[in-house]
Amino acid sequence: MNYDFDYADVLQQLPYLLGGALVSLQIAFVAFFAGALLGLGGALGRVHGPRPLQRAIGAYVTFFTNTPALVQVFFLYYALPDAGVLLSPLTCVLIGFVLNSAAYLTEILRAGVVSVRRAELEAAATLNMSRLQIVRHVILPHVTRMIYAPLSNFFIILVLGSSMAALFGVEELTGRAINVSTTNLRTIETFSVVAVIYILITFVASLSLALLGRWAFRVHARIF
Amino acid sequence: MPQLDIRDLHAHYGREPVLQGVSLSAERGEVVGLIGPSGSGKSTLLRALVGLTQPSAGEVLVDDRRIDYRDRASQRWLRERLAIVFQQYNLFQNMTVLRNVTIAPLEIQKRSKAEVEALATTLLDKVGMGHKRDAYPDELSGGQQQRVAIARALALRPEILLLDEVTSALDPERVNEVLDTIRALTREGITMLIVSHEMAFVREVSTRVVMMDHGRVVETGPPAQIFDTPREDRTRQFVSRILRH
Ligand SMILES: Nc1ncnc2c1ncn2[C@@H]1O[C@H](COP(=O)(O)OP(=O)(O)OP(=O)(O)O)[C@@H](O)[C@H]1O
Ligand SMILES: [Mg+2]
């Protein structure tokens with residue numbers, strides 16, 4: 001292969017690409033935290049809610065975990081304007097990601113919610129804790145600790161999955177990489193730099209999540 | 001007027017009747033010992049009293065007030081006066097020993113931090129767990145966890161305390177410590193319902209003993225009657241079999 005590598009043009013665009021990385025992270029954060037909030041409600045409803053609610057949540061989870069996220073976002077992207085709802089591509093992508101991650105997080109969190117010992121729930125009830133207090137003081141800390149590892153893995157998946165937004169014209173890291181490579185025609189160089197940026201992001205994210213887990217939730221997982 | 005009055009209480013697990021008309025009462029400051037064979041419904045009675053198992057019939061009165069177990073406010077009122085230490089360990093695993101003891105007084109009863117922490121320290125020392133206040137339950141032995149559970153119940157400053165086999169997991173030395181703790185509590189005027197298989201313990205601390213079998217009260221009387229001159233054959237049988245061990 002006698003291809004002349006030339007990174008000069010790409011590196012010149014580094015600040016632009018890093019800005020995109022920030023957008024990627026923002027997408028992942030929104031999908032993760034909004035999804036986790038919905039997912040927590042979903043998991044609690046799935047385990048402790050009345051039967052019809054359990055079924056409804058089950059159906060929701062089955063639907064969203066058995067169809068590609070890309071298809072879901074496509075659907076929203078074209079269906080919402082048809083229904084008279086006009087949103088920016090970013091908002092549309094965010095809604096799709098949140099709905100999707102809520103389904104996965106319901107499943108992940110459910111594993112934690114069912115593992116709360118009944119004895120602790122009963123103790124909490126006899127101590128006069130309200131439902132909200134039980135969730136806050138007993139269920140949530142337990143769940144976070146039990147399923148911390150799959151939870152942080154899922155965050156990484158969301159960071160990488162956010163590249164899908166490029167297909168809808170959102171200028172996150174991959175979107176900007178496409179912009180850059182179509183002007184400088186240095187596709188290999190551009191995308192290798194972008195790959196390194198993704199690796200850095202996920203590395204830093206894993207490390208901070210592991211440290212946070214140790215510090216805040218007594219999770220004794222190996223960091224590397 | 002008894003402080004705790006249980007009238008013809010029934011409870012089921014599914015279709016299986018577990019309590020079949022239990023009546024018993026406790027005056028203020030009284031220590032009622034509850035004995036009976038395994039499966040006779042002692043734990044279920046305590047669980048029904050705190051509302052963890054819904055009674056299917058009968059009534060419970062505390063300070064002459066009828067408890068409506070379907071009503072949250074009524075339950076809350078009840079649980080402000082009544083604390084329970086369970087047979088199985090049920091400390092909150094995600095909290096330190098100290099936090100286990102202080103969480104309800106601080107977050108639910110909204111008492112002052114200084115008062116609660118001072119009381120928690122005293123109580124933990126009382127049950128011999130002062131040196132473990134920063135440990136987590138999974139770092140403690142079963143007996144140690146149970147002692148913390150007692151301290152947690154006492155921190156609520158209950159008027160009525162239900163103890164379900166709290167000494168079964170303790171080593172002999174600690175049984176005496178807990179016994180001392182409970183004896184001291186009787187002097188403070190806490191009404192107690194104590195389930196135990198340790199007959200010497202029951203005999204010593206109880207003002208009255210209730211013998212249960214098959215979800216019913218077989219016999220009630222002062223300890224001397226139940227252990228020395230029982231009126232019912234079933235009591236005699238049970239007591240003699242247990243005392244022989
Ligand atoms: N969660 C449950 N589901 C179904 N049946 C139960 C449950 N808990 C207890 N039982 C049944 O209820 C009956 C009374 O049990 P309970 O625990 O009240 O007895 P106990 O007197 O406390 O016995 P022990 O001295 O062994 O603690 C038993 O026959 C038991 O099998
Ligand atoms: Mg029992």
Side-chain angles (χ1 to χ4, degrees), chain A residues 36 39-40 43-45 47-51 108-152 209-222, chain B residues 43 46-54 69 72-96 99-110 134-139 145-146 148-150 152-158 160-162 164:
Chain A
L40 180 66
L44 288 169
V47 177
H48 295 296
R51 269 292 144 69
I108 297 176
L109 290 164
R110 187 173 74 110
V113 170
V114 292
S115 74
V116 178
R117 296 181 315 140
R118 220 181 104 161
E120 283 186 45
L121 296 179
E122 292 185 344
T126 61
L127 293 176
N128 253 342
M129 285 192 198
S130 67
R131 274 182 205 179
L132 207 64
Q133 286 170 321
I134 293 180
V135 170
R136 176 167 153 224
H137 295 299
V138 182
I139 298 183
L140 206 51
H142 175 88
V143 168
T144 320
R145 192 172 164 220
M146 287 304 291
I147 55 161
Y148 196 79
L151 220 49
S152 11
L209 283 168
L211 289 174
L212 179 72
R214 256 182 210 205
W215 171 73
F217 305 110
R218 288 206 308 142
V219 177
H220 302 298
R222 282 189 324 133
Chain B
S43 296
L46 299 197
R47 290 174 54 85
L49 278 180
V50 290
L52 288 176
T53 299
Q54 282 283 337
Y69 286 103
R72 287 189 148 264
S74 181
Q75 262 196 24
R76 201 171 309 125
W77 182 87
L78 170 77
R79 288 166 176 174
E80 274 163 19
R81 282 154 185 80
L82 188 145
I84 182 167
V85 180
F86 296 85
Q87 190 166 357
Q88 345 78 310
Y89 315 119
N90 57 9
L91 294 179
F92 301 121
Q93 298 294 313
N94 70 65
M95 300 175 200
T96 62
R99 181 72 173 152
N100 261 282
V101 176
T102 57
I103 182 159
L106 285 179
E107 310 287 341
I108 288 106
Q109 296 181 333
K110 307 279 183 207
D134 296 321
Y136 283 88
D138 58 13
E139 298 160 356
Q145 291 189 44
Q146 200 63 310
V148 176
I150 294 177
R152 180 173 72 181
L154 291 176
L156 297 166
R157 293 191 305 208
I160 304 174
L161 183 62
L162 311 179
D164 194 354

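Note that this is a predicted model, so its numbers are computed, not measured. Naming: A, B, ... by sequence-line order, numbering from 1 per chain.
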Next on the checklist: Using every non-hydrogen atom in the two residues, find where A/Ala125 and B/Arg79 come nearest and quote the distance to one decimal.
Outcome noted: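 Taking every non-hydrogen atom into account, O-NH1, 3.1 Å.
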Next on the checklist: To check you understand the geometry: which heavy-atom pair defines the closest contact between B/Leu156 and A/Leu127, and what is its length?
Outcome noted: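 Shortest heavy-atom contact: CD1-CD2, 3.5 Å.
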Residue selection (most heavy-atom pairs with chain A, distance under 4.5 Å) from [options]:
| options | result |
| --- | --- |
| B/Leu52, B/Ile84, B/Val50 | B/Leu52 |
| B/Gln109, B/Arg99, B/Arg47 | B/Arg47 |
| B/Leu82, B/Val85, B/Ile103 | B/Ile103 |

Item to check | Residue pair A/Met129, B/Glu107: steps toward the side chain to side chain contact (heavy atoms under 4.5 Å, CB included) verdict | outcome: CA-CA 9 Å; A/Met129 285 192 198; B/Glu107 310 287 341; over 6 Å; no
By a 4.5 Å heavy-atom criterion (distance strictly below it), what part of [X] contacts chain A: side chain, backbone, both, or neither?
| X | answer |
| --- | --- |
| B/Phe86 | side chain |
| B/Leu78 | neither |
| B/Gln75 | backbone |
| B/Asn100 | neither |

Item to check | From B/Asn90 atom CG to A/Thr126 atom OG1, the distance as rounded to the nearest 0.5 Å | outcome: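 Reported value, rounded in 0.5 Å steps: 7.0 Å.
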Checklist entry - What option among A/Gln133, A/Arg117, A/Arg118 has the most heavy-atom pairs under 4.5 Å with chain B? => result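 Going by pairs under 4.5 Å, I would pick A/Arg117.
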Checklist entry - Are side-chain heavy atoms of A/Met146 and B/Gln93 found at a separation under 4.5 Å? => result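 Contact flag for A/Met146/B/Gln93 side chains = no.
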Next on the checklist: Using the rule given for side chain to side chain contact (heavy atoms under 4.5 Å, CB included), can you reason through A/Glu120 versus B/Met95, listing the C-alpha separation, both sets of side-chain angles and the distance that settles it, and then say yes or no?
Outcome noted: CA-CA 11 Å; A/Glu120 283 186 45; B/Met95 300 175 200; over 6 Å; no
